[in-house]
Each structure stands twice: as C-alpha cells, then as structure tokens.
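Index from 1, following the sequence. All values below were derived from every heavy atom in this structure, side-chain atoms included, with hydrogens, water molecules and symmetry-related copies excluded. Counting convention: from 1, in listed order, for ligands and their atoms alike.
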Amino acid sequence: MKNTLISLFQSRFGKDFRLYASSGRINLIGEHTDYNGGFVFPGAIDKVIMAAISPNGSDRVRVQSVDLNDYCEFGLREEDIPQQQWARYVFGVCREVQKRGFAVGGFDAVFAGDVPLGAGLSSSATLESCFAFAVNDLFNDNKIEKFELARIGQSTEHNYCGVKCGIMDQFASIHGKKGCLMRLDCRSMEFEYFPFDPKGYRLVLVNSKVKHELVGSPYNKRRESCERVASLLGMETLRDAEMADLEGVKDKISEEDYMRARYVIGEKQRVLDVCEALERGDYETVGQRMYQTHWGMSKDYEVSCEELDFLARLAERCGVTGSRIMGGGFGGCTINLVKDELYDAFIGAVKKEFPAQYNVEPEIIPVVISDGARRIE
Ligand code: GLA
C-alpha cells in the first residue's frame with residue numbers, strides 16, 4: 001500500500017510529502033454506551049488508512065482516493081463543502097480544526113486503506129483521525145491535544161455527515177496502542193490502557209458483508225430514545241440510571257424507548273463485569289457477557305440483522321467462548337473470542353455454513369491490536 005501511495009503521489013503532484021496512518025478499531029464490549037456516558041473497551045487494529053500529504057501554499061485542498069478511484073478539490077470555507085461523501089470527512093476535519101482556532105492551509109493528498117468499508121471497523125473515523133493527525137502535524141506543530149483530535153473527528157460526523165455518533169471510534173483510532181485495549185469512561189473521558197493477550201484464546205472477526213452504513217441509518221433514532229428516557233428521569237445520560245429507575249417510568253414511555261434503555265442499562269453493567277473478569281483471567285464470563293450483548297443488541301436495541309444472528313448462533317454451537325455483533329450495528333462483523341483448539345473448526349464451519357445459507361463468502365479477519373494515528377515518514 002505504501003509504495004503504491006508514494007508512486008501515485010509522485011506522479012500526480014511530483015514533490016516531497018509526509019506519510020501518515022491511522023487505524024480501524026475493534027470493541028471488546030460496551031456498544032452504544034459512549035453517547036450514554038458509559039464505558040467502552042476498544043483497541044486499534046492493524047487495518048489502516050494511509051495518506052501522503054504535502055502543503056501546496058494555496059487555500060485549496062486536492063485529494064485523491066486510491067480505493068474509490070475518485071478525486072476531489074475544495075476550498076476551506078463553509079460554503080465549499082464537497083459533494084462526495086468521502087471528501088466530506090476530510091473537509092469536515094479541516095473545518096473543525098479551523099473552528100477551534102487552529103490553522104489549516106491548502107494541501108495535496110493521496111490516501112488508501114485496507115479497513116473494509118461499512119464493516120463496523122470505523123473506516124470513516126480512521127479517515128478523520130488520519131487527516132486530523134496530519135493537519136495537526138503539518139500546520140500546528142502538534143499543538144492540538146490528542147483527545148481534541150478525536151473530538152474533531154466526532155464533530156465532523158455530527159456537522160458534516162449527519163451521524164450523531166459518540167466518541168469511541170475516533171478516540172480508539174487516535175489513541176490506540178500495540179497490544180492494548182483501552183477502557184474509556186465516556187463521562188469523565190478518563191481512560192486506561194489494558195494489556196490484552198488472552199493466553200489460549202484468539203480474537204477473530206467475521207465480516208458478514210452486510211453493508212453497514214450509519215449515515216441515514218436509525219442510529220440517531222436510538223440515541224434520541226436514550227436521551228428521551230434520561231431526560232424523563234431527570235438525568236443527563238443513562239449512565240446514572242438503574243433498572244429500578246427505568247421500571248419506575250415504564251408506563252410513561254413507549255415500549256420501544258423502554259427496550260432501548262433496558263439494553264443500555266444492562267450493557268453498562270456488562271462492561272464492568274468484563275473488566276473484573278479480565279482481571280481474574282476469567283474468559284468464560286467475558287464470553288457470556290459478549291453473547292448477552294449480542295442478544296440485547298438484537299432483541300432490545302434492534303440493530304442486528306438475520307446474518308449476524310446466524311453467525312452468533314453458529315459460534316455458540318461451535319463452542320466459541322463469546323460472540324457478538326460489533327460496532328453500531330445494521331450489518332458488519334461479529335467479534336469472536338475463541339479457544340485456540342476450537343479456532344480451525346469454527347472458521348471451517350463459518351466458511352461452509354454461511355455461504356450455504358446466504359450465498360456470500362464471509363471475510364475472516366484475525367485481530368491484531370496495534371498503534372493508532374501516527375506519522376510514518
Ligand atoms: C458507532 C459510533 C460509536 C458507537 C458505536 C456503537 O461505531 O460511531 O460512537 O456509538 O457505533 O457502540
């Protein structure tokens with residue numbers, strides 16, 4: 001990827017450049033908890049977006065996407081917003097940097113990646129993080145705090161892409177560290193690195209290839225349900241709510257809002273259970289909570305789909321320790337915690353049974369926990 005990028009940059013722009021990368025993410029547990037002020041447990045992975053970038057001395061940005069085979073040129077004022085969705089991520093980052101009083105000049109860029117698109121691995125946050133990191137390095141002497149870079153990506157989603165996402169994806173993509181998951185408290189925004197090397201187990205993703213697209217998806221509606229319940233309870237977020245609080249207002253809310261809040265309150269506890277279990281090396285409990293998250297997301301939060309339910313059931317039948325839909329939902333991957341000795345049989349069953357049922361070859365993605373945003377050259 002690196003060599004293709006360099007030669008494309010050279011032939012298109014013919015000058016010196018800097019090379020940056022940022023990473024996709026996994027999340028062990030804690031789904032749809034970020035915008036509810038709860039905990040998440042993500043890590044960056046070895047799937048990246050890489051960009052060769054050079055300031056061009058003008059006030060225009062010229063970007064080439066290798067994978068989409070598309071080119072876009074835009075100015076840096078609000079009214080210069082580009083048509084292409086992918087370019088809005090880059091444009092939004094530049095605007096959000098400017099809104100915070102930092103500098104952005106024109107630049108030339110070519111980028112490429114191997115984060116599968118729409119698979120729930122946060123390809124959009126990866127793109128935002130890569131450019132936020134680069135703009136900070138190229139135009140601001142790295143004066144913008146790392147956490148603010150994540151917020152810049154999140155605001156880009158809110159203000160230029162129509163997704164009212166939480167902070168998890170951009171946070172993970174920016175802060176990721178090799179071999180470590182991160183436990184982030186999305187209320188205080190404190191986080192800690194958590195070395196993750198479960199002896200005798202492997203983490204593997206199975207991509208159903210059902211396209212996951214949060215833009216225009218019911219993601220924002222889920223968030224609204226949670227906010228309605230929290231405000232009825234007189235709380236800022238559902239972080240502070242217990243099941244008993246929810247039961248107390250059951251008659252005053254819709255069945256749908258009740259189900260959404262029930263999932264979130266349960267998920268908050270599951271993340272804490274998983275952290276405790278990990279400290280004891282108790283992977284059985286970790287796995288059980290993963291299955292519970294899956295069925296909570298499927299039945300109460302209603303963000304799964306038939307294919308992902310099929311994969312979670314198949315995992316359970318193969319004796320996989322834990323399996324669940326990962327990320328926002330509506331398609332994408334399951335994340336699976338599998339004992340070494342069961343790995344081959346599980347993957348074999350997935351490769352045989354999923355295509356037999358849905359006529360689609362699933363993609364198997366072993367998880368390698370890696371560094372987040374960085375300058376490469
Ligand atoms: C998407 C959002 C995140 C988070 C997850 C669900 O990936 O971007 O902020 O809400 O969904 O956990």
Side-chain angles (χ1 to χ4, degrees), residues 22-45 47 89 92 115-129 132 147 150-176 181-187 189 191 205 207 210-227 237-239 260 263-268 270-271 274 289-290 292-294 296-298 300-305 308 324-335:
S22 194
S23 311
R25 64 102 189 88
I26 54 140
N27 184 29
L28 185 62
I29 199 154
E31 225 60 91
H32 292 274
T33 43
D34 56 358
Y35 55 82
N36 283 300
F39 293 91
V40 291
F41 216 147
I45 57 171
K47 302 273 175 268
Y89 294 114
V115 187
L117 297 182
L121 300 182
S122 289
S123 49
S124 60
T126 312
L127 182 58
E128 290 150 9
S129 307
F147 210 97
R151 287 194 195 279
I152 284 169
Q154 185 192 23
S155 304
T156 297
E157 297 277 350
H158 287 202
N159 300 330
Y160 298 96
C161 310
V163 181
K164 298 285 179 203
C165 66
I167 191 74
M168 169 169 77
D169 303 348
Q170 292 79 9
F171 162 80
S173 184
I174 290 276
H175 287 82
L181 296 181
M182 295 161 283
R183 187 176 57 186
L184 170 68
D185 177 337
C186 299
R187 181 167 62 186
M189 298 300 169
F191 67 95
L205 309 178
N207 184 359
V210 175
K211 272 288 176 209
H212 147 117
E213 174 68 271
L214 294 184
V215 179
S217 81
Y219 180 94
N220 294 348
K221 288 225 158 15
R222 298 295 182 282
R223 184 171 184 153
E224 286 160 19
S225 284
C226 298
E227 288 171 354
T237 63
L238 288 179
R239 163 71 174 265
R260 307 300 187 242
Y263 161 76
V264 169
I265 295 170
E267 183 71 351
K268 186 177 66 165
R270 284 190 286 273
V271 185
V274 161
R289 294 297 177 272
M290 290 170 74
Q292 287 165 359
T293 294
H294 181 85
M297 286 177 81
S298 177
D300 272 356
Y301 222 59
E302 296 184 298
V303 293
S304 184
C305 58
L308 290 159
R324 66 174 193 83
I325 179 174
M326 190 184 71
F330 313 102
C333 296
T334 55
I335 178 168

Trainee: Show me which atoms of ligand 1 lie under 4.0 Å from any heavy atom of Tyr35.
Mentor: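 Contacts of ligand 1 toward Tyr35, numbered from 1: 10 (O).
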
Trainee: Kindly say whether Gly327 contributes a backbone atom to a donor-acceptor pair with the side chain of Glu31 at under 3.5 angstrom?
Mentor: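 Flag set: sc Glu31 to bb Gly327 pair under 3.5 Å.
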
Trainee: Would you check if there is a donor-acceptor pair between the side chains of Ser173 and Arg25 at a distance under 3.5 Å?
Mentor: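 No, because no side-chain N or O of Arg25 sits under 3.5 Å from a partner of the opposite role on Ser173.
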
Trainee: Look only at interatomic distance and state if Cys165 has a nitrogen or oxygen under 3.5 Å from any nitrogen or oxygen of ligand 1.
Mentor: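 No: no nitrogen or oxygen of Cys165 is under 3.5 Å from one in ligand 1.
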
Trainee: To the nearest 0.5 Å, how far apart are CD1 in Ile152 and CZ in Phe147?
Mentor: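 The distance works out to 12.0 Å.
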
Trainee: For Phe191 together with Phe41, are the ring centres under 6.0 Å from each other?
Mentor: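 Between Phe41 and Phe191, the centre distance exceeds or equals 6.0 Å.
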
Trainee: Could you tell me whether the side chain of Gln154 reaches within less than 4.5 Å of the side chain of Glu128, counting heavy atoms only?
Mentor: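 No; the side chains remain at least 4.5 Å from each other.
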
Trainee: Could you tell me, atom by atom, which parts of ligand 1 come under 4.0 Å of a heavy atom of Tyr219?
Mentor: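 Near Tyr219, the atoms of ligand 1 are 1 (C), 2 (C), 3 (C), 4 (C), 9 (O), 10 (O), 11 (O).
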
Trainee: For atom 9 (O) of ligand 1, tell me which residue out of Asp169, Asn27, Asp34 has the closest non-hydrogen atom.
Mentor: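 Considering heavy atoms of Asp169, Asn27, Asp34, the nearest to atom 9 (O) of ligand 1 sits in Asp34.
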
Trainee: List ligand 1 atoms under 4.0 Å from Gly166, heavy atoms only on the residue side.
Mentor: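 Checking each atom against Gly166, I get 9 (O).
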
Trainee: Does Gly327 have a non-hydrogen atom less than 4.0 Å from ligand 1?
Mentor: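 Yes, Gly327 has heavy atoms under 4.0 Å from ligand 1.
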
Trainee: For ligand 1, which is the ligand I care about here, please tell me if Ser122 has any N or O atom under 3.5 Å from one of the ligand's N or O atoms.
Mentor: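 The answer is no, given that Ser122 and ligand 1 share no N or O pair closer than 3.5 Å.
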
Trainee: Check this for me, if you would: do Glu267 and Arg270 make a salt bridge, where the nitrogen-to-carboxylate-oxygen distance has to be below 4.0 angstrom?
Mentor: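 Result for this pair is yes, salt bridge flagged.
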
Trainee: Hey, is Arg25 touching ligand 1 through its side chain, its backbone, both or neither, going by heavy atoms under 4.0 Å?
Mentor: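 The part of Arg25 near ligand 1 is the side chain, not the backbone.
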
